[in-house]
Amino acid sequence: MTHPEFDAIVIGAGSVGNPTAYFLAREGLRVLVLDELPSSGQGQNKAAIGGVRATHSDPAKIRLGQQSLEIFSTWATTTGTDIGWKKGGYLFPAYDEAVEGELEQLLPTQKRFGLTIDWCDAETVRRLVPGITRIGLRGGTYSPDDGQVSPLRASEAFTNAAVRHGAVYRYRESVTSLRMDDHAVTGVGTDRDVYRAPVVIDAAGAHGSRIARMAGLDVPVLPESHEAGISAPVRPFLDPLVVDLRPGPEGTTSNFYFGQDADGQIIFCYTPKQPFPGENRTSTFEFMPTVAARLVELVPRLKNLTIRRVWRGLYPMTPDGRPIVGPAPGVKGLLLGLGMCGQGLMLGPGVGRNLASLVLRGRPSIDPDVFALLSPSRDLRTDRKESLK
Ligand SMILES: Cc1cc2nc3c(=O)[nH]c(=O)nc-3n(C[C@H](O)[C@H](O)[C@H](O)COP(=O)(O)OP(=O)(O)OC[C@H]3O[C@@H](n4cnc5c(N)ncnc54)[C@H](O)[C@@H]3O)c2cc1C
């Protein structure tokens with residue numbers, strides 16, 4: 001029996017898989033994308049609140065974020081498709097010395113990597129976030145080039161563009177095995193068929209380590225639950241996405257962030273103080289009262305918001321908080337695009353462009369020394385380091 005043959009197979013039609021497929025197909029490769037869900041972007045991609053920034057503290061994330069921003073911000077003009085891009089920047093307000101110190105300490109690295117970011121005084125913060133609490137406000141950092149997109153529109157846009165370049169998408173099809181010959185991958189088996197290709201890209205998100213295990217690899221990507229919510233639309237008043245790094249009351253939360261999307265809806269999220277490992281996606285009783293208290297404390301004018309919906313999704317976490325991107329050690333033809341933590345939407349296009357460059361040219365499209373920080377061969381048993389979640 002002959003099996004369908006491709007140049008590359010991408011496992012996962014998500015935040016990483018779709019741009020990866022697009023960049024590969026655009027350069028003429030015959031690409032197959034497999035996803036076990038019924039359509040594109042239905043995994044953790046659609047759980048994202050849409051924040052897109054290059055403002056990180058890790059050089060590799062900065063570089064990938066810059067590439068993603070370039071791709072997102074020019075998408076409408078280059079393709080004619082609206083992905084809900086809004087260039088409103090990111091604002092990190094500081095209400096205490098500790099947060100001010102943390103933010104200022106990051107500025108030299110961020111500027112060295114060419115990010116447009118600076119410290120701004122309290123008055124500027126109040127102008128950027130009308131109604132923000134004045135008491136104790138010391139100022140903050142602001143990066144005007146960052147922004148927001150609609151995760152579902154972006155995923156659909158990458159999928160459609162990949163398909164226009166010849167990529168084939170198969171949904172409701174779960175990858176159950178990797179086909180190997182000696183130490184090289186030769187294709188994948190699914191619950192329906194077998195497909196052959198000399199290159200396989202594991203972009204299976206929170207389940208990426210299961211795929212890697214099919215090649216005998218132990219890749220530590222562990223799902224962690226996070227919640228978010230969205231309001232009914234209100235008159236546009238807020239440009240930046242706001243990240244409050246202070247811990248919440250009674251140790252419930254660490255950072256908390258919110259913004260207003262291109263449709264006027266307020267979207268919000270927080271990082272629980274104690275992580276919730278696992279795949280529980282049932283909304284918690286605590287989320288809405290906790291996040292509402294933080295939102296209204298920071299911007300009292302939001303006290304009358306109507307909340308439309310809350311949801312809970314998964315961050316694919318790694319031990320050091322950095323993605324795992326590059327050739328899988330010891331398995332020829334297998335590449336990993338995993339462990340995006342809470343930043344897969346904003347890193348996805350950059351990761352996709354670099355994975356495609358590795359496949360086509362044998363090198364990443366960012367500085368190889370910086371890219372090496374994401375190497376699947378690095379010591380992955382260290383603690384989390386990145387401070388800007
Ligand atoms: C509440 C919340 C808010 C967030 N906000 C943001 C944000 O503002 N900005 C940001 O950048 N990130 C945000 N994130 C994180 C972001 O959603 C993830 O990092 C990102 O979606 C991960 O992308 P991925 O491509 O790795 O995984 P996914 O998008 O989940 O894609 C993986 C795909 O692989 C498929 N798959 C898995 N196993 C198999 C298999 N065996 N066979 C076939 N298919 C398979 C899945 O069905 C899925 O579609 C947020 C996450 C949450 C939970």
Side-chain angles (χ1 to χ4, degrees), residues 9-21 32-54 56 61 64-65 68 72 90 146-152 154-155 158-159 169-178 188-192 201-214 221 223-230 241 243 257-259 261 267-272 276 279 281 283 287 291 310-318 323-325 336-352 389:
I9 296 172
V10 178
I11 305 171
S15 307
V16 172
N18 289 321
T20 305
L32 170 68
V33 184
L34 294 163
D35 202 295
E36 61 193 5
L37 294 173
S39 63
S40 175
Q42 297 298 317
Q44 302 320 308
N45 175 79
K46 74 172 180 187
I49 68 164
V52 177
R53 63 183 153 96
H56 298 278
K61 287 191 192 179
L64 294 179
S68 292
F72 282 134
Y90 258 71
D146 293 331
Q148 289 162 251
V149 295
S150 155
L152 276 173
S155 146
F158 281 119
T159 301
Y169 274 68
R170 300 249 157 97
Y171 298 113
R172 298 182 200 272
E173 195 158 343
S174 183
V175 172
T176 51
S177 65
L178 290 178
V188 307
T190 72
D191 49 3
R192 291 209 215 156
I201 296 173
D202 178 1
H207 296 156
S209 52
R210 288 187 200 163
I211 303 289
R213 213 168 296 128
M214 295 172 190
V221 176
E224 206 177 90
S225 291
H226 286 258
E227 288 180 89
I230 191 161
L241 235 141
V243 185
Y257 45 106
F258 67 99
D261 68 15
I267 38 177
F268 46 86
C269 232
Y270 67 65
T271 305
F276 290 102
E279 301 204 21
R281 297 186 59 188
S283 291
F287 175 70
V291 78
V310 293
W311 66 91
R312 195 168 179 205
L314 308 176
Y315 283 12
M317 296 303 295
T318 61
I324 301 172
V325 186
L336 310 180
L338 299 176
M340 298 297 134
C341 307
Q343 297 144 358
L345 178 71
M346 63 182 85
L347 297 174
V351 170
K389 299 281 187 243

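The first residue in the sequence is number 1, and the count goes up from there. Counting convention: from 1, in listed order, for ligands and their atoms alike. Worth knowing before you read on, the calculation uses all heavy atoms, side chains too, and leaves out hydrogens, waters and symmetry mates.
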Can you find an N/O atom of G337 closer than 3.5 Å to an N/O atom of ligand 1? no
Test item: D35 and S40 side chains (from C-beta on) under 4.5 Å apart, heavy atoms: no
Under 4.0 Å to a heavy atom of A228 - the qualifying atoms of ligand 1, by number: 1 (C)
Could you tell me which atoms of ligand 1, counted from 1 in the order shown, lie closer than 4.0 angstrom to a heavy atom of G51? 7 (C), 8 (O), 9 (N), 10 (C), 11 (O)
Can you check whether S15 has an N/O within less than 3.5 Å of an N/O in ligand 1? yes
Parallel, tilted or perpendicular, judged at 30° and 60°: which one describes the rings of Y270 and F287? tilted
Can you name the atoms of ligand 1, numbered from 1 with element, that are less than 4.0 Å from a heavy atom of L37? 47 (O)
Going by atom types only, do D261 and S150 share a side-chain donor-acceptor pair under 3.5 Å? no
Any I201 side-chain heavy atom under 4.5 Å of I11 side chain: no
Counting C-beta onward and ignoring hydrogens, is there a side-chain heavy-atom pair between Q148 and L241 closer than 4.5 Å? yes
A student comparing G352, A13, C269, G342 should find that the heavy atom closest to atom 14 (N) of ligand 1 comes from G342
Take E36 and R210 through the test salt bridge (Lys or Arg N to Asp or Glu O under 4.0 Å) and record every step on the way to the result. CA-CA 14 Å; E36 61 193 5; R210 288 187 200 163; 5.9 Å; no
Among protein heavy atoms, which lies nearest atom 40 (C) of ligand 1, and at what distance? E36 OE1, 3.5 Å
H226 side chain near T271 side chain, heavy-atom distance below 4.5 Å: yes
protein heavy-atom neighbour closest to atom 34 (O) of ligand 1 works out as G12 CA, 3.2 Å
Which protein heavy atom lies closest to atom 26 (O) of ligand 1, and at what distance to 0.1 Å? G205 CA, 3.3 Å
May I ask you to check if ligand 1 and V175 share an N or O to N or O distance below 3.5 Å? yes
Please state whether A206 comes within less than 4.0 angstrom of ligand 1, counting heavy atoms only. no
Starting from atom 4 (C) of ligand 1, find the nearest protein heavy-atom neighbour and note its residue, name and distance. A48 CA, 3.3 Å
Would you say H207 and E279 are linked by a side-chain donor-acceptor pair, where the criterion is simply a distance under 3.5 Å? yes
Less than 3.5 Å between some nitrogen or oxygen of A47 and one of ligand 1, yes or no? no
For Y315, the ligand 1 atoms whose distance to one of its heavy atoms is below 4.0 Å: 2 (C), 50 (C), 51 (C), 52 (C), 53 (C)
For ligand 1 and I49, I'd like to know whether there is a polar contact (N/O to N/O, distance under 3.5 Å). yes
So do the side chains of L338 and D202 get within less than 4.5 Å of each other, counting heavy atoms only? yes
Closest contact, heavy atoms only, V16 versus A203: CG1-CB, 4.0 Å
Does ligand 1 have any atom sitting under 4.0 Å from a heavy atom of E173? yes
Do the side chains of F268 and I49 get nearer than 4.5 Å, heavy atoms only? no
Is any side-chain heavy atom of F158 closer than 4.5 Å to one of P19? yes
Does one side chain, of S174 or T190, offer a donor that lies under 3.5 Å from an acceptor on the other? no
For G313, atoms of ligand 1 separated by under 4.0 Å from a heavy atom: 53 (C)
Please identify which atoms of ligand 1 are closer than 4.0 Å to at least one heavy atom of G50. 7 (C), 8 (O)
Please state which option from V52, V310, D35, T176 has its nearest heavy atom closest to atom 48 (C) of ligand 1. D35
Flag side-chain contact, heavy atom, 4.5 Å: V52 against D146: no
Just jot down the ligand 1 atoms closer than 4.0 angstrom to any heavy atom of I211, in number order. 41 (N)
Counting only heavy atoms from other residues, nucleotides and ligands, does the tally under 6.0 Å from CZ of R192 exceed 12? yes
Counting only heavy atoms, tell me which of V16, L338, N45 gets closest to atom 29 (O) of ligand 1. N45
closest protein heavy atom to atom 28 (P) of ligand 1 is Q44 N, 3.7 Å
Measure the distances from the heavy atoms of C341 to every atom of ligand 1 and state whether one is below 4.0 angstrom. yes
Report, in ascending order of atom number, the atoms of ligand 1 lying under 4.0 Å from any heavy atom of M346. 9 (N), 10 (C), 11 (O)
Residue-ligand contact Q42/ligand 1, heavy atom below 4.0 Å: no
